[in-house]
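We name chains A, B, ... by the order of the sequence lines, and we start the count at 1 in each one. Basis for what follows: all heavy atoms, side chains included, without hydrogens, waters or symmetry-related copies.
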Protein chains: 2
Amino acid sequence: MSTASLAFSGAGPIAAATRQRVLDAAAALDYSGPNPLGRQLRRGRSGIVGVVVGDSLRRSFRDPVAIQVLDGLVSTLGPLDLGVLLIPGSSDPSGPAVDPLLETAAMDVAVIMWGGTTDDPMLGALRRRGTPTVLVEGQHAPDVASVGIDDRGGMRQATEHLLALGHTRIATVTLPFDRCRGEGLVPPDEMDHLSWEITRRRLAGVTDAGVTPVAIWATPASLVEHGRSAGTALLTGPDRPTAIACQSDLLASGVVLAARELGLRVPEDVSVSGFDGLDLPWLAPDVLTTVVQPLAEKGAAVGHAVADFLSGAGPSTRELPVTLRIGTTTGPAPEVS
Amino acid sequence: MSTASLAFSGAGPIAAATRQRVLDAAAALDYSGPNPLGRQLRRGRSGIVGVVVGDSLRRSFRDPVAIQVLDGLVSTLGPLDLGVLLIPGSSDPSGPAVDPLLETAAMDVAVIMWGGTTDDPMLGALRRRGTPTVLVEGQHAPDVASVGIDDRGGMRQATEHLLALGHTRIATVTLPFDRCRGEGLVPPDEMDHLSWEITRRRLAGVTDAGVTPVAIWATPASLVEHGRSAGTALLTGPDRPTAIACQSDLLASGVVLAARELGLRVPEDVSVSGFDGLDLPWLAPDVLTTVVQPLAEKGAAVGHAVADFLSGAGPSTRELPVTLRIGTTTGPAPEVS
DNA sequence: CGGTGTCATCGAATCGATTTGAGGGACGGC
DNA sequence: GCCGTCCCTCAAATCGATTCGATGACACCG
């Protein structure tokens, strides 16, 4: 048995001839390699990384950002012989706060995409199980690894770009504020109900540039249709903004579509900026002005954080840089009418 | 130990008081429930369903169809205490034909989205391991379960709709022919190199309606940009078609965008139909005429096929119906000029 | 021929749970 | 007081591999 084990695992000294003999015997006996379950138990490792994807799979998967990060992650994990187990986030508030998989599935490391708040019940569950955790775009905590980008600086750059073009009436369309909030204008007194770290940071970037938005519109998710309704509302309301800085590209492209439908020219009448740096073929021939984040690298960074844990290192923190890409959807502010 | 086991698993007779006593002791000892690895080994089940997603994660995840089916699958599998392990399909032809995960990962059942050909090396690997397999949109084989939709009938309906509108010059934009083929017109003698079952079926639907397409344009993937270049090519070429039947909604929306860019009116100058029934917010206010397939139900059907296997039943076959949704992108054929 | 190194073989412990059966304590019913 | 039921406790086998040490076979070198 020891020899067979060595023949399959390749660890330890074994002659090529013996190895082949073992493999032949295995084939003759219809033995298709070591049972992963036994191996995992013995090794104490499952080779599985649990990845919690946003509220609902469907919703978060319509989000190309999550997809591309996930792709970068899978590509990095593959060579390490690690697999990705999909774990749905808490879909509806009435059900259990954490998916049973998070409590019971075998996994060596957990990754939470779209990390929420520090007191997230998922973090509690993972801590209880002693599962090392990587948080993406979340609030930093001492015992979890973090991967993020310079949200704040990126949004500041985008806003400064608009300022430089002479815009003064700047509105902003944000990602969700918390799990429950619907869409619509955010009154000033509700600014504290902001439990999503990523929304907070990108909003702070606008302020950093010295801008107080003439309107803040929150959306329930980063989807084109929500951008469209946000754009329609903002552009038909009183005191129309001349520029709209959006917290995601999908939202921004919705705003652009809304503007076009209203007969407004982009960027002559209204400038629109996004965040993420996606390819948006349906906006052609326009190219969105946006803050480009390295999505695949972000996934790779998560992969490296996972690898750190597995090699015994403690939690690590990584922040990736962003760059402003100036497209055709932003231009000089229109003359005051 | 037996009592503790019963307390956690809930199987067998145990008094509520004892159960609580065990749970308290566990909490005091920092024991966070049974180790899944031990449990899995003993049970002989991992509770994991391996799902092979298209060529590249990035690419196939940009495909909303796969995402929504995956979502339906995860929703169905959750209550059964099953998790989904993501397995990348063979990304590049130079690398190994099957992902190592497929060979070594612990899984009770495997699912192949976008099932390819019968001699797919993945099927071979799974057969060798004795892993029950569910094939989605693939060629039926005796020992695997199949889930599919009425591709052929759906495409036939769409084509008949175009015929009824008086179109005679009908072109078609197809999904990939095989793993390697690039994009472009398909010469008649290459029609045999069609190794993708889904492409073949949808093409057959056109023929069933009695139509011989004036042009068949194959694409490397179901993406908006490929639809766009297909549309540009077909609409600027000689003998312009008056209707283009596409094998996916993303391709169709690319064709619509191309038409608009060329100054052609949809549907006055050219009619476009799709397949899938996605929401395409960026096409607004147009609504694509398309063959709607029940995506979430398709995922659920896969889940049931998986459940069948786990309950000891043999491979099952399911085919879901489709419906034609008539939108605003198809209209009467233009007068002959 | 002795010494050395390489590698196959054998036996046994271990990972952590599940499951079964035997045995026995507690309790209620008659 | 006896019997039956319910349920806890204890011991042991099992799932399938990995890993360690000891032993032995064999070839090669000096």
Measure the distance from CZ on B/Phe8 to P on C/dG16 and round it to the nearest whole Å. 15 Å
Length of the line joining A/Arg39:CZ and C/dG16:C1', which is rounded to integer Å: 18 Å
So how far off straight is the helix from C/dC1-D/dG30 to C/dC30-D/dG1, going by the axes through five pairs at either end, to 10°? 30°
Partners meeting side-chain hydrogen bond (donor to acceptor under 3.5 Å, both in side chains) with B/Asp81 (sequence neighbours left out): none
Taking side-chain hydrogen bond (donor to acceptor under 3.5 Å, both in side chains) as the definition, give me every residue that meets it alongside A/Gln40, ordered by chain and number, with sequence neighbours left out.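 Not a single residue meets the side-chain hydrogen bond (donor to acceptor under 3.5 Å, both in side chains) criterion with A/Gln40.
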Write down the atom of A/Ser222, the atom of A/Leu175, and the distance for their closest heavy-atom approach. CB-CD2, 3.7 Å
A/Ser146 side-chain N/O to A/Thr317 backbone N/O, donor-acceptor pair under 3.5 Å: no
B/S/- along nucleotides 4-11 of chain D (protein heavy atoms under 4.0 Å) is ---SSBBB
By the ring-ring contact (aromatic ring centres under 6.0 Å, His included) test, which pairs, at least two apart or in different chains, include something from residues 16-48 of chain B? B/Phe8-B/Tyr31
How would you list all residue pairs meeting ring-ring contact (aromatic ring centres under 6.0 Å, His included) that involve residues 118-141 of chain A, not counting sequence neighbours?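 Not a single pair qualifies under ring-ring contact (aromatic ring centres under 6.0 Å, His included).
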Using a heavy-atom cut-off of 4.0 Å across all strands, would you classify A/Leu41 as base, sugar-phosphate, or nothing?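 Touches a base.
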Under the rule for ring-ring contact (aromatic ring centres under 6.0 Å, His included), what residues qualify as partners of A/Phe309, not counting sequence neighbours?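 Result, ring-ring contact (aromatic ring centres under 6.0 Å, His included) vs A/Phe309: none returned.
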Ordered by number, residues from residues 24-33 of chain B within less than 4.0 Å of DNA chain D (heavy atoms) are none
Do B/Arg42 and D/dT14 have a side chain to base donor-acceptor pair shorter than 3.5 Å? yes
[X]: what forms a salt bridge (charged side-chain N to carboxylate O under 4.0 Å, His left out) with it, not counting sequence neighbours?
X        : value
B/Asp99  : none
A/Arg318 : A/Asp308
A/Arg128 : A/Glu103
B/Arg19  : none

Quick check on DNA chain D: between A/Leu37 and A/Arg43, whose nearest nucleotide comes earlier from the 5' end? A/Leu37
